[in-house]
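Numbered from 1 within each chain, the chains take letters A, B, ... in sequence-line order.
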There are 2 protein chains.
Amino acid sequence: MPELEKAEIDRLFHALGDPTRRAILDLLSRGPISVTRLAEPLAVTLTAVGQHLQILEECELVHTEKVGRVRTCRIEPAGFTRLEKWIKEHRSHWELSLDRLGEFLAEEDENANG
Amino acid sequence: MPELEKAEIDRLFHALGDPTRRAILDLLSRGPISVTRLAEPLAVTLTAVGQHLQILEECELVHTEKVGRVRTCRIEPAGFTRLEKWIKEHRSHWELSLDRLGEFLAEEDENANG
DNA sequence: GAAATACTGAAGTATCTGCTTGACAATCCC
DNA sequence: GGGATTGTCAAGCAGATACTTCAGTATTTC
């Protein structure tokens, strides 16, 4: 995997690792909403929400746009797509690894009984 | 989502958010291996690897078993499956949210032209 | 233009993370 | 038994993280 892509995956997992940020994504899945309204049900300040939004934007999980004094936030699919791609690529590796586990156990068995 | 499950997802994303831990998973995808051999290509001490392994075990991404003085590590599919499940569940939400974005934009358009 | 609204930025803080070192325990090999 | 190998535990530390407050800016509303 290219170094750059690795860093993106890094940020992506890091972003999704925080419960408040996942809560923000859940709220946004109900539709576009302003920062203030986003902050209301979350037990943190407006500033904190702004900081989370910046992180979510950097890994393309959220898109925001400011019109007048209101910043409207919505889900951005790009980050999510990237995550799915990572998983798809790794699932095959992991499945291979389970095959190798089979070989490993068979070998152990052979050594034990041989 | 149940509170307990949420905490599991929390640990899962947190675990995958660290590049060293993802490197460990990549090494393990080549097949089962001991802690010492796992630590060799990683630029950290044996102790650090042990700490990472504990985290990876807690979210069921890795299984380890100690026989004699050697702890053998391998991929455990459970955590990976849980991650795929989370994504599958959330993809539909996110797709709905993109539909709502369409509605949102249509509404805006209506307000602008009405 | 004044007051209210919706954010933004800087600075500070408590806690968490990843990592190290050094001492220790268990096991294997001779 | 003695020495090497393999891993574990406890403590400590530098840096990152999530969060706060407070002051400021831009925009809307009256």
Identify, between A:Val67 and A:Thr20, the residue whose nearest nucleotide on DNA chain D lies closer to the 5' end. A:Thr20
Just to confirm, is there a sub-4.0 Å distance from OP1 or OP2 of D:dT6 to any side-chain nitrogen or oxygen of B:Ser34? no
Which part of the nucleic acid, if any, lies within reach of B:Gly50 when heavy atoms closer than 4.0 Å are counted: base, sugar-phosphate only, or nothing? nothing
Each nucleotide N or O in nucleotides 20-24 of chain C that has a protein N or O under 3.5 Å away: list the pair and distance.
unit_1 : atom_1 : unit_2  : atom_2 : d
C:dT20 : OP2    : B:Thr45 : N      : 2.9
C:dT20 : OP2    : B:Thr45 : OG1    : 2.7
C:dT20 : O4     : B:Gln51 : NE2    : 3.2

Between C:dG18, C:dT8, D:dT17, which nucleotide gets closest to the side-chain atoms of B:Ile55? C:dG18
Any A:Lys66 side-chain N or O less than 4.0 Å from OP1/OP2 of C:dT8: yes
Looking at B:Gln54, I want to see if its CD is surrounded by more than 12 non-hydrogen atoms of other residues, nucleotides or ligands under 6.0 Å. no
Charged N-O contact under 4.0 Å between B:Arg82 and B:Glu60: yes
Have a look at B:Arg37 and say if it touches a base, only the backbone sugar-phosphate, or nothing, with a 4.0 Å heavy-atom cut-off. nothing
Give the ring-plane orientation class for B:Phe13 versus A:Phe13, where under 30° counts as parallel, over 60° as perpendicular and anything between as tilted. tilted
So which nucleotide from C:dC28, D:dT28, C:dC7 ends up closest to the side chain of B:Arg69? C:dC28
Hey, could you give me the CZ/CD1 distance between A:Arg21 and A:Ile24, rounded to the nearest 0.5 Å? 8.0 Å
Taking the side chain as C-beta and beyond, is there a heavy-atom pair between B:Asp26 and B:Leu28 under 4.5 Å? no
Run through DNA chain D and report every stem of 3 or more consecutive Watson-Crick or G-U pairs, distances under 3.5 Å, ordered by first number. C:1-30 with D:1-30
